[in-house]
Amino acid sequence: QVQLVESGGGLVQAGGSLRLSCATSGRAFNTYAMGWFRQTPGKERDFVAAISWSTGSTFYADSVKARFTISKDNAKNTVYLQMNALKPEDTAVYYCGLREDMVSSIMRPTGFQYWGQGTQVTVSS
């Protein structure tokens with residue numbers, strides 16, 4: 001099975017930047033896409049960004065478009081999320097996910113079969 005490990009979270013001031021990493025290990029039947037989601041207590045896990053593993057096509061939530069950039073390194077089996085111009089509302093636990101198919105929208109956490117443990121991102125005002 002696949003294991004995902006996120007890193008790079010921390011505490012930053014508004015306007016600052018962070019670069020999250022998600023390292024993968026193990027074997028998936030097929031890596032169709034990987035994505036980043038974020039979640040705060042009592043709320044649903046929300047879509048942030050996703051990337052097609054084969055083509056590199058990217059998708060972003062409107063709330064992070066123009067500020068966040070998702071990228072990947074196939075050789076390292078790692079996906080990144082560069083976050084710039086961070087806002088307090090970006091505060092959340094960020095999760096990396098991997099899906100082996102495309103039976104549902106990439107903007108929903110359902111359909112992502114594997115998840116990391118999450119990394120905390122806190123943006124102070």
Side-chain angles (χ1 to χ4, degrees):
Q1 63 177 7
V2 175
Q3 294 181 335
L4 310 178
V5 179
E6 303 99 332
S7 62
L11 174 63
V12 298
Q13 294 184 4
S17 299
L18 284 173
R19 185 178 178 86
L20 306 183
S21 298
C22 177
T24 69
S25 62
R27 186 179 301 277
F29 176 76
N30 180 59
T31 302
Y32 188 88
M34 295 186 67
W36 289 95
F37 291 75
R38 62 189 183 187
Q39 187 171 26
T40 55
K43 298 183 179 179
E44 295 183 354
R45 189 168 295 186
D46 293 327
F47 171 77
V48 176
I51 186 167
S52 168
W53 201 251
S54 61
T55 68
S57 298
T58 58
F59 309 86
Y60 297 95
D62 289 340
S63 60
V64 306
K65 195 173 301 181
R67 297 189 298 119
F68 292 8
T69 302
I70 188 171
S71 62
K72 62 181 177 67
D73 187 328
N74 294 52
K76 296 181 179 180
N77 294 310
T78 300
V79 65
Y80 306 94
L81 184 67
Q82 178 66 46
M83 305 185 294
N84 298 323
L86 283 163
K87 304 175 181 179
E89 51 262 45
D90 294 318
T91 296
V93 176
Y94 283 70
Y95 296 91
C96 174
L98 183 153
R99 63 188 301 159
E100 298 177 317
D101 54 46
M102 197 60 186
V103 298
S104 61
S105 172
I106 61 171
M107 296 186 179
R108 299 175 63 186
T110 54
F112 284 78
Q113 288 84 14
Y114 302 97
W115 295 94
Q117 82 288 349
T119 184
Q120 177 70 49
V121 172
T122 303
V123 184
S124 62
S125 59

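The first residue in the sequence is number 1, and the count goes up from there.
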*Straight-line distance of Thr40 OG1 to Glu89 CD, nearest 0.5 Å*: 12.0 Å
*Nearest-0.5 Å distance that lies between atom CZ in Arg38 and atom CG in Asp46*: 7.0 Å
*Answer with yes or no whether the hydrophobic clustering places Val48 together with Tyr114; edges join I, L, V, M, F, W, Y residues whose side-chain heavy atoms lie under 4.5 Å apart.*
yes
*Can you list the residues that meet the ring-ring contact (aromatic ring centres under 6.0 Å, His included) rule with Trp53, with sequence neighbours excluded?*
none
*Should Tyr94 and Glu6 count as side-chain neighbours, where that means a heavy-atom distance under 4.5 Å?*
no
*Once you round to the nearest 0.5 Å, how far does CG of Asn30 lie from CG of Asp101?*
9.0 Å
*asked:* Show the nearest heavy-atom pair for residues Tyr80 and Asp73, with the distance to one decimal.
replied: CE1-CB, 4.1 Å
*With distance as the sole test, does Gln113 use its side chain to make a donor-acceptor pair with the main-chain N or O of Glu100 at under 3.5 Å?*
yes
*How about Phe47: does its CZ atom have over 12 heavy atoms from other parts shown lying under 6.0 Å from it?*
yes
*May I ask you to decide if the ring planes of Trp115 and Tyr95 are parallel, tilted or perpendicular, using 30° and 60° as cut-offs?*
perpendicular
_Check: Arg99 and Ser104 side chains under 4.5 Å, non-hydrogen atoms_ = yes
*For Val123, enumerate each residue passing the side-chain contact (heavy atoms from CB on, under 4.5 Å) test, keeping only those at least two apart in sequence or located in another chain.*
Val12, Ala14, Leu86, Pro88, Asp90, Thr91, Val121
_If hydrophobic clusters are built by linking Ile, Leu, Val, Met, Phe, Trp and Tyr wherever their side-chain heavy atoms come under 4.5 Å apart, do Val2 and Trp36 end up in the same one?_
yes
*asked:* Quick check: is Val79 connected to Met107 through a chain of hydrophobic side chains (ILVMFWY, heavy atoms under 4.5 Å apart)?
replied: no
*Looking at Phe37 versus Phe112, is the centre-to-centre ring distance below 6.0 Å?*
yes
*Distance from Tyr32 atom OH to Ser52 atom OG, nearest 0.5 Å?*
6.5 Å
*In the hydrophobic clustering that connects Ile, Leu, Val, Met, Phe, Trp and Tyr at side-chain heavy-atom distances below 4.5 Å, which members other than Val103 occupy its cluster, ordered by chain and number?*
none
_Please enumerate all residues that pass salt bridge (Lys or Arg N to Asp or Glu O under 4.0 Å) together with Lys65, with sequence neighbours excluded._
Asp62
*Spacing of CD belonging to Gln117 relative to CG belonging to Leu4, to within rounding of 0.5 Å*: 9.0 Å
_Tell me whether Phe68 shares a hydrophobic cluster with Ile51, the cluster being built from Ile, Leu, Val, Met, Phe, Trp, Tyr side chains joined at under 4.5 Å._
yes
*asked:* Distance check, rounded to the nearest 0.5 Å: Met34 atom CE versus Thr78 atom OG1?
replied: 8.0 Å
_Checking Ala49 now: which residues fulfil side-chain contact (heavy atoms from CB on, under 4.5 Å) with it, not counting sequence neighbours?_
Tyr60, Ile70, Leu81
Compile the donor-acceptor pairs under 3.5 Å between side chains in residues 17-25 and protein atoms, sequence neighbours left out, one pair per line.
residue	atom	partner	partner atom	Å
Ser17	OG	Asn84	OD1	2.9
Arg19	NH1	Gln82	OE1	3.4
Thr24	OG1	Asn77	O	2.7

